[in-house]
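Structure first, commentary second.
In what follows, every heavy atom counts, from backbone to side chain, and hydrogens, waters and symmetry copies are set aside. Throughout, protein chains are lettered first and strands after them, A, B, ... in sequence-line order, and every chain is numbered starting at 1.
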Amino acid sequence: MPRYNPADIEPKWQNFWAEHETFKAPELPTGEKLYVLDMFPYPSGDGLHVGHPEGYTATDITCRFERMRGKSVLHPMGFDAFGLPAEEYAIKTNTPPRVSTEQNIETFTRQLKMLGFSYDWSRVLATTDVEYVRWTQWIFTVMFDTWFDHDQQKGRPIDELPIPGAVKLEGEQAVRLYQDDHRLAFQSDALVNWCPGLGTVLANEEVIDGKSERGGHPVERRPLRQWMLRITDYAGRLEQDLEGLDWSDGIKRMQREWIGRSTGAEVDFYVGRSCAPSNSNFASWKSARATSGFPRKPNDEVLRIYTTRPDTLHGATYMVIAPEHPFVDRLTVDEQKEAVQTYCDQAAAKSDLDRTELAKEKTGVFTGSYAVNPVNGEQVPIWIADYVLISYGTGAIMAVPAHDTRDFEFAKQFDISVIAVVDPGEAEGVDRSAVLAGSECCTEQGVAVNSGEYNGLATAEFKRRIGDDLTEQGTGKQATNYKLRDWLFSRQRFWGEPFPVLHELDDAGNPNGMLRPVDPADLPVDLPHLDDYKPHGRPEPPLGKAPEDWLYPIIDGKRYRRETNTMPQWAGSCWYYLRFIDPTNSTAFVDPEKEKAWMPVDLYIGGAEHAVLHLLYARFWHKVLYDRGYVSTTEPFQRLVNQGMILGEPQYHVTPELLKANEKVLDERGITSVRVESEDKVTHILKRHSGDRIIDLSEDQTEKRQGQFYLAGTEIPLTTRADKMSKSRGNVVNPDEVVREYGADSLRLYEMFMGAFEATKPWSMSGVDGVRKFLSRAWRMIMDEDSEDLVLHTSVQDVAATDEQLRVLHKTIKAVTSDIETLGFNTAIARMMEFVNFFTNQSVRPKIAMEQFVLLLSPFAPHFGEELWSLLGHGDTLSYEPWPRHDDSYLVESTIEIPVQVLGRLRGKIQVAPDISKEDLIAAAKADDKVKPWLEGNPIIKVIVVPGRLVNFVVKVNRDEPKS
RNA sequence: GCCAGAGUGGCGGAAUUGGCAGACGCGCUGGAUUCAAAAUCCAGUGACCGCAAGGUCGUGUGGGUUCAAGUCCCACCUCUGGUACCA
């Protein structure tokens, strides 16, 4: 009695594929190429999550489908294995990170293979592989060797950097320092995100709401010397090139917002040498500027600000500089020194979290000095306030309270005058007179007032005019700014790539500030063995405790100290898609010919959580490699699709109050609960005992009345909600268990059947059961389950198909093919279910139809497909069988059903020939028994006919004579 | 607060873009098979009224456009994600 038994057939075919290297990709594509990539997993200690196989199955279906359509498919897999979580796990389990990482990779590999993905496993890599690290470090040296030429908008070799004569005169050291100052990889002393909980600094992208993305530890601002990558130089191109990419609008928008391009003007306000500049000094400064023009770098005489609204210059009633601004000291008058000092100290002590969450009320302090507004010669007071950030624009602003909400709040707080310079007109929701009187703030565009010669200009025109005027006067210029900050690239942890950089030491053994990249021939710089690599909460990296011979290499008689920071987790994932093309190359990171043949990635699938991290960083590295001639495309990932998140099964929640009030009732029913906290809310998930396990309530323990769920037979209201899978909620689904119980093909099929690929959707174990039943039904459609041996069902015969059978078959081929092309996997499966429902009822099932069906199903359920393909009498794998093609001529039906509406409501249905004429169709509709009564006594005004779809009669209803 | 996306039976979800709402699956009900059960097969299954034929209502809420609205427009509510002094 051979039933469908995945436990037998799945390992069998997995072994077959491995033995025959069925999915080995050619070195170079033969014919049309297709590079399909999954976001490689981070091999955590928990093993694969059911979220992983969702994307992996989607790419696998696409690959298997396209292989059958004759394309050369590259479909690799690897592991992103450096970084914090792996290291934390290693510490927790007290194993060296390399050992625990390798164990985790082994688990992941076993699980991935168990799911039957058609990866070319000969290309597998991990970012922690020494040979991989070598090339990650090599790419870093390329970044180190590159400066960004803003005129050409291109990264160029550092020895092409023009050195100013003055620097040259200072000697070789000065030249080297000047170069270091321009490299894409450089060191900086800026304020960084220091996370004591993790014992490392973090990139801006890794800080969310003032907490670390990993672990949610608080993050504080600290000045520390760190390695940075000059991603801001590429901000313009990173934004622009999004245009040509086939990504979802959502992800593009998120990247655009993160890059945060804005255009406006930089304007110099005269501050002179004294704290209250005089009019005559201002006048002479202004006339000097008219001839000298706007300097690239401002001197001490001016305070340079950035604004997106140069049209509101006349409304600037005060200025603000950030507490960290270099002019704070010299602009502070003696009487204000103490107050300013106190304020700046407070601001420095504030964490990012304090600055944002406690930002309800504006704070600030007056410096006592004034600047002169270049457009009208007015003196305006200069304040210090932490609502201005040192890291954006010039760290200083002109404040226009009438037309900027933040400035308005500040002005109200400190009683500063408000002058309206934009008349918003009679717009809805705007109190025009209040705005003009300065008692309300309006940020909308409008027409200029109180702006001297500019009065009457519309905002856009004003901006253009004043931009030109400022340029001519040498007091300002158009400027573009980005929210994006340079990428903080070093970490004070052990488990990452060591920087291939050496610090030159002087005779006393101290670094002299000179850097030397490690020679490419000496790469990789491997991690040394450390007995203790644990973080200690201080910013000194653990590699500082490395053995002397590692830490202090001697080259050409010179002693160096190695850089002891390590690279962040993101380094390895920035270029892995390139290494997959040529994973064993020992002379280059990728062979140029192969790179050209396979790139770009045609389909990239992964979670949306990488929108501003991995996807931004990888694009940046790719552009640098492109500029330096190492890759042939400007963008790495042509088409990107984000899979939706898979949530746990819905669970029943009650509020803490209800739980307390109903303790007794719940107890009597053997119901227990699990407390969960999310954000600031606390709820309790109701659970019950099953043996010695605690599981979720069953459906019949609840009931729905008037749209509200209650605990069955009680008045206790329940909220039902599907949440992210987490151990604390007890709703994590383990793929191993699913495969054991239902098989890999069922898991794959279910993940695709759950709903739209990009939608968030809840897990349901009975849904897995449903697709498993479908596979069993499909098995029985072809195989005789009652026989002792593996024989075909007697209905499966080598005969021609009937017209109806052909129609069903070709309809299915057509639908499944186009659904796979658009990643509409759920509906493709529904169509195949319909096919099985139809053919199970056929007493004769043409073998050819069964074979075509098996081919259609095989990308979804590959083990099932291979097994039946072989039972249908084929000797080899079906992986390269031609994909079934549909023939439209089989799809035509002899009669079609047309709905007939009267006044837009369905009143009848008629059977007609598909090619019926309009007139005949109307006549047939009128004649229909169900339709007739609705037309009687009501004159037809209009008839709407949509050929092949419907007929709709628009009638004049005669109210006086109701129809009988 | 701002910016996206979503809200469809008891549940997961379909719906060629304005043309028969609820495909497909789960669950449920009834029947067949069985000593019995599991499995399987068949039928039914949005709500309400009706013996029935049939009718009325129905895609978060309220309005609108249209012969026709889940789909388009306006206002609002709820949920999910992103973002948060970026001048």
Side-chain angles (χ1 to χ4, degrees), chain A residues 3 208-209 248-251 253-254 257-258 260-262 264 305-309 312 320 355-357 359-360 362 385-389 391-400 403-407 409-410 443 481-485 608-609 611-612 644-645 647 649-650 699-700 702-704 709 720-722 750 753-756 758-771 773-774 776-777 780 785 815 818 824 826-834 837 840-841 897-906 908-909 930 941-944 946 948-955:
Chain A
R3 290 181 163 200
I208 292 166
D209 295 334
S248 77
D249 289 338
I251 294 289
R253 184 171 28 76
M254 277 165 69
E257 277 173 11
W258 193 263
R261 183 182 133 95
S262 79
I305 59 102
Y306 172 72
T307 178
T308 54
R309 291 293 298 271
T312 60
V320 183
R355 277 209 184 184
T356 52
E357 282 198 356
K360 301 295 166 226
K362 293 278 181 290
D386 67 0
Y387 82 90
V388 169
L389 309 174
S391 49
Y392 184 75
T394 59
I397 63 157
M398 65 163 187
V400 185
H403 306 291
D404 181 287
T405 44
R406 296 152 300 183
D407 298 344
E409 284 167 20
F410 189 87
T443 58
N481 256 302
Y482 297 94
K483 282 201 246 180
L484 184 71
R485 304 293 142 84
E609 68 273 19
V612 292
M645 206 193 331
L647 305 174
E649 296 223 17
E699 241 176 271
D700 51 12
T702 67
E703 58 194 17
K704 197 174 190 179
F709 276 99
T720 159
R721 203 174 64 215
Y750 175 65
F753 189 59
M754 291 171 83
E758 292 180 73
T760 303
K761 45 219 172 255
W763 187 266
S764 155
M765 227 26 124
S766 53
V768 187
D769 199 49
V771 294
K773 278 186 201 158
F774 159 66
S776 300
R777 260 165 79 77
R780 286 194 303 271
E785 208 177 59
S818 69
N826 53 337
T827 46
I829 295 166
R831 297 292 88 83
M832 291 189 280
M833 287 173 167
E834 285 175 342
N837 289 346
T840 320
N841 285 325
E897 190 185 66
I898 298 287
V900 182
Q901 299 180 338
V902 178
L903 280 174
R905 330 195 100 200
L906 183 70
K909 293 178 182 182
K930 300 253 173 62
I941 301 167
K942 200 172 159 191
V943 184
I944 287 143
V946 184
R949 292 219 61 100
L950 62 61
V951 179
N952 186 11
F953 294 103
V954 185
V955 300

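- Residue A/Arg485 is classed as a base contact, given a heavy-atom separation below 4.0 Å to a base.
- From A/His403, atom NE2 reaches atom OG1 of A/Thr312 across 7.0 Å, with rounding to the nearest 0.5 Å.
- The interatomic distance linking A/His403 (NE2) with B/C85 (C1') rounds to 19 Å, in whole Å.
- A gap of 34 Å separates the P atoms of B/C24 and B/C35, to the nearest Å.
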>> Would A/Arg777 and A/Thr840 count as a side-chain contact (heavy atoms from CB on, under 4.5 Å) here? Give the steps.
In response: CA-CA 8 Å; A/Arg777 260 165 79 77; A/Thr840 320; 4.1 Å; yes

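- Distance noted for atom P between B/G5 and B/C85: 24 Å (whole Å).
- Residue contacts shown for A/Ala756 are limited to sugar-phosphate atoms, with no base heavy atom under 4.0 Å away.
- Across all strands, A/Gly770 comes closer than 4.0 Å only to sugar-phosphate atoms, never to a base (heavy-atom distances).
- Side-chain nitrogen and oxygen atoms of A/Lys483 include none within less than 4.0 Å of the OP1 or OP2 phosphate oxygen of B/U83.
- Relative to the side chain of A/Leu950, the nucleotides B/A23, B/C41, B/G19 differ in distance, and B/G19 lies closest.
- Atom CZ in A/Phe953 sits 10.5 Å away from atom CD1 in A/Ile944 (nearest 0.5 Å).
- Remark: the separation of the P atoms in B/U59 and B/G9 is 9 Å, to the nearest Å.
- Separating the OG1 atom in A/Thr394 from the CD1 atom in A/Ile305 is a distance of 6.5 Å, to the nearest 0.5 Å.
- Looking at heavy-atom distances under 4.0 Å, A/Pro762 makes contact with sugar-phosphate atoms alone, never a base.
- Taking the centre and axis of the six-membered ring of A/Phe410, the NZ or CZ atom of A/Lys362 falls outside the cone set by 45° and 6.0 Å.
- Within the 4.0 angstrom heavy-atom criterion, only backbone atoms of the sugar-phosphate kind lie near A/Lys773; the bases stay farther away.
- Annotation: B/G60 and B/G70 have their C1' atoms spaced 12 Å apart (nearest Å).
- When each of B/C85, B/A84, B/C20 is scored by its nearest atom to the side-chain atoms of A/Pro899, the top-ranked nucleotide is B/C20.
- At the heavy-atom level, A/Ser764 lies nowhere under 4.0 Å from the strands shown.
- For the pair A/Glu257 and A/Glu834, both in contact range of RNA chain B, the more 5′-proximal nearest nucleotide belongs to A/Glu257.
- Comparing B/G46 with B/U29, their P atoms sit 16 Å apart, to the nearest whole Å.
- Within the 4.0 angstrom heavy-atom criterion, only backbone atoms of the sugar-phosphate kind lie near A/Arg780; the bases stay farther away.
- If you check B/G19, B/C85, B/A4 against the side chain of A/Arg253, the one that comes closest is B/A4.
- For the OP1/OP2 pair of B/G25 and a distance below 4.0 Å, the side-chain nitrogens and oxygens of A/Asn826 include no atom meeting the criterion.
- Rounding to whole angstrom units, CE of residue A/Met832 and P of B/G25 are separated by 13 Å.
- Looking at heavy-atom distances under 4.0 Å, A/Asp249 makes no contact with the nucleic acid at all.
- The C1' atoms of B/G81 and B/G27 are separated by 31 Å, rounded to the nearest whole Å.
- At B/C67, none of the side-chain N or O atoms of A/Arg905 fall inside 4.0 Å of OP1 or OP2 (strictly under the cut-off).
- Applying the 3.5 Å distance criterion, the base of B/C67 shares no donor-acceptor pair with the side chain of A/Lys942.
- Taking only side-chain nitrogens and oxygens, A/Asn952 never comes nearer than 4.0 Å to OP1 or OP2 of B/U66.
- For B/U56, the base is anti relative to its sugar; the glycosidic angle deviates from 0 by more than 90°.
- A residue-by-residue look at A/Lys761 and A/Ala396 shows that A/Lys761 has its nearest nucleotide of RNA chain B further toward the 5' end.
- Between A/Ser262 and B/A87 there is a side-chain N or O to OP1 or OP2 distance below 4.0 Å.
- For A/Phe753, the side-chain atoms get nearest to B/G12 when compared with the rest of B/G12, B/C85, B/A14.
- The separation between A/Ile251 atom CD1 and B/G5 atom C1' is 12 Å, rounded to whole Å.
- Of the candidates B/C41, B/C26, B/A87, the closest approach to any side-chain atom of A/Arg777 belongs to B/C41.
- Listed candidates were B/A87, B/C20, B/A15. Nearest to the side chain of A/Lys909 is B/C20.
- With a cut-off of 3.5 Å on both pairing distances, the Watson-Crick and G-U wobble pairs of RNA chain B assemble into stems of 3 or more at B:1-7 with B:77-83, B:10-12 with B:24-26, B:27-32 with B:40-45, B:46-49 with B:54-57, B:60-64 with B:72-76.
- For B/A53 and B/U61, the P atoms lie 30 Å apart once the distance is rounded to whole Å.
- Nucleotides B/G10 and B/U45 are separated by 11 Å at their C1' atoms, to the nearest Å.
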